Amino acid sequence: MGLDVLLYDQNDTLLDKFVIEEDLHSAIFYKTNNWGSFQWLRKIKDYYSPNLHLSATEVELFKDDLRLYQNFINKHDAVMISDMVGKRSIQKLYRVHIVGD
């Protein structure tokens, strides 16, 4: 089970959804100690209870943290982050909801 990431437009219509898998979450928070310096990553550290709502502006800050964090994890996990961040450039994006189990 992963963190569900739901992307919405201004009318609250679901545009897309994807999952931050448990393996990637572990790579970010448990295989390194650098995550504490990244304000937006810290918000999803608790894998089982995030109920995080981000505006479009906050999503960009979150994506910036992910891009910068790629330098601290192995290449395979960095590629997973790159794919996740790169595919989520939706023009109509208004807000994101990240939900844990």
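The first residue of the sequence shown is numbered 1, and numbering continues consecutively from there. Fair warning: this is a prediction, and the values are worked out from it, not measured in the lab.
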Would you give the length of the straight line joining atom [atom1] of [X] to atom [atom2] of [Y], rounded to the nearest 0.5 angstrom?
| X | Y | atom1 | atom2 | result |
| --- | --- | --- | --- | --- |
| Ile81 | Ile20 | CD1 | CD1 | 8.5 Å |
| Lys43 | Phe62 | NZ | CZ | 10.5 Å |
| Thr57 | Leu93 | OG1 | CG | 10.0 Å |
| Leu7 | Phe18 | CG | CZ | 5.5 Å |
| Phe72 | Leu41 | CZ | CG | 10.5 Å |

[X]: what forms a side chain to side chain contact (heavy atoms under 4.5 Å, CB included) with it, not counting sequence neighbours?
| X | value |
| --- | --- |
| Asn33 | none |
| Asp77 | Leu24, Ala27, Ile73, Asn74, Met80 |
| Asn71 | none |
| Ser37 | none |

Are the charged groups of Arg42 and Asp65 less than 4.0 angstrom apart, N to O?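 No salt bridge links Arg42 with Asp65.
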Residue pair Trp40 / Glu58: nearest heavy atoms and the distance that separates them: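 Looks like CH2-CG, 3.5 Å.
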Would you say the side-chain atoms of His25 pair up with the backbone N or O of Leu3, donor to acceptor, closer than 3.5 Å?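 A pair under 3.5 Å: no.
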Could you tell me whether Phe38 atom CZ has more than 12 heavy atoms of other residues or ligands within 6.0 Å of it?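 Counting neighbours around CZ of Phe38, more than 12 heavy atoms of other residues, nucleotides or ligands fall under 6.0 Å, so yes.
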Listed partners of Tyr8 passing ring-ring contact (aromatic ring centres under 6.0 Å, His included), at least two apart: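 By the ring-ring contact (aromatic ring centres under 6.0 Å, His included) rule, Tyr8 matches no residue at all.
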Trp35: which residues meet the ring-ring contact (aromatic ring centres under 6.0 Å, His included) condition with it, sequence neighbours left out?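 Expected list: Phe29.
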With hydrophobic residues grouped by side-chain heavy-atom distances under 4.5 Å, do [X] and [Y] end up in a single group?
| X | Y | value |
| --- | --- | --- |
| Leu68 | Leu54 | yes |
| Val59 | Ile98 | yes |
| Ile28 | Val79 | no |

What residues, two or more places apart in sequence or in another chain, satisfy side-chain hydrogen bond (donor to acceptor under 3.5 Å, both in side chains) together with Ser26?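 side-chain hydrogen bond (donor to acceptor under 3.5 Å, both in side chains) check on Ser26 returns nothing, list empty.
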Return the set of residues passing side-chain hydrogen bond (donor to acceptor under 3.5 Å, both in side chains) with Asn34 (not counting sequence neighbours), or none when no residue passes.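 Per chain and number, Asn34 pairs via side-chain hydrogen bond (donor to acceptor under 3.5 Å, both in side chains) with no residue.
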Give a yes-or-no answer on whether the side chains of Asp4 and His97 include a donor-acceptor pair shorter than 3.5 Å.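 On atom types as modelled, these side chains do not qualify, holding no pair under 3.5 Å.
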Tell me every residue that passes salt bridge (Lys or Arg N to Asp or Glu O under 4.0 Å) with Asp9, counting only those two or more places apart in sequence or in another chain.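 Not a single residue meets the salt bridge (Lys or Arg N to Asp or Glu O under 4.0 Å) criterion with Asp9.
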